[in-house]
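Okay, so here's the structure we're looking at.
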Amino acid sequence: MLTFRTPDEAVAKANNSTYGLSAGIWSEKGSRILSIANQLRAGVVWANTFNQFDPTSPFGGYKQSGYGREGGRLGLRAYLKES
């Protein structure tokens, strides 16, 4: 956990990491959650919860937390060949 004064400062602090596996956002405003989530460089962004996974969703990270996606339709692309 880090302290911040503005949403822009929170995004800057979150993105200034060598890792990017997951992030969590807590807010009463859905529009704020979507705006911040689109700016974060994290593989998974949770809204008003943490560590809840949908097994059909792709999973992956950024930076030193991984490259690409596993699971879901996006995770299958690496194994498919177009003919």
Original post:
Which value, rounded to the nearest 0.5 Å, describes the distance between Lys63 atom NZ and Thr18 atom OG1?
Top reply: 7.5 Å

Original post:
How many angstroms lie between CG in Leu34 and NZ in Lys29, if you round to the nearest 0.5 Å?
Top reply: 12.0 Å

Subject >> Pairs where residues 13-43 contributes a residue and the test ring pair (Phe, Tyr, Trp, His ring centres under 6.0 Å) is met, not counting sequence neighbours >> reply: none

Original post:
Distance from Ser17 atom OG to Arg41 atom CZ, nearest 0.5 Å?
Top reply: 12.5 Å

Subject >> Hydrophobic cluster membership, Leu21 vs Phe50, 4.5 Å side-chain cutoff >> reply: yes

Original post:
With sequence neighbours excluded, what pairs up with Ala37 under the side chain to side chain contact (heavy atoms under 4.5 Å, CB included) test?
Top reply: Ile25, Val45

**OP:** Determine, stepwise, if the pair Lys13 / Asn16 fulfils side chain to side chain contact (heavy atoms under 4.5 Å, CB included).
**Re:** CA-CA 5 Å; Lys13 284 184 174 187; Asn16 187 27; 5.8 Å; no

Original post:
Between Trp46 and Val44, is a side chain to side chain contact (heavy atoms under 4.5 Å, CB included) present by the stated rule, with each step listed?
Top reply: CA-CA 6 Å; Trp46 288 289; Val44 175; 3.5 Å; yes

Subject >> Heavy-atom closest contact (Ala47 atom, Ile33 atom, distance) >> reply: CB-CG2, 3.7 Å

Subject >> Spacing of CG belonging to Leu40 relative to OG belonging to Ser22, to within rounding of 0.5 Å >> reply: 10.5 Å

Original post:
side chain to side chain contact (heavy atoms under 4.5 Å, CB included) between Asp8 and Gln39: does it pass, once the steps are laid out?
Top reply: CA-CA 9 Å; Asp8 289 336; Gln39 298 174 61; 4.3 Å; yes

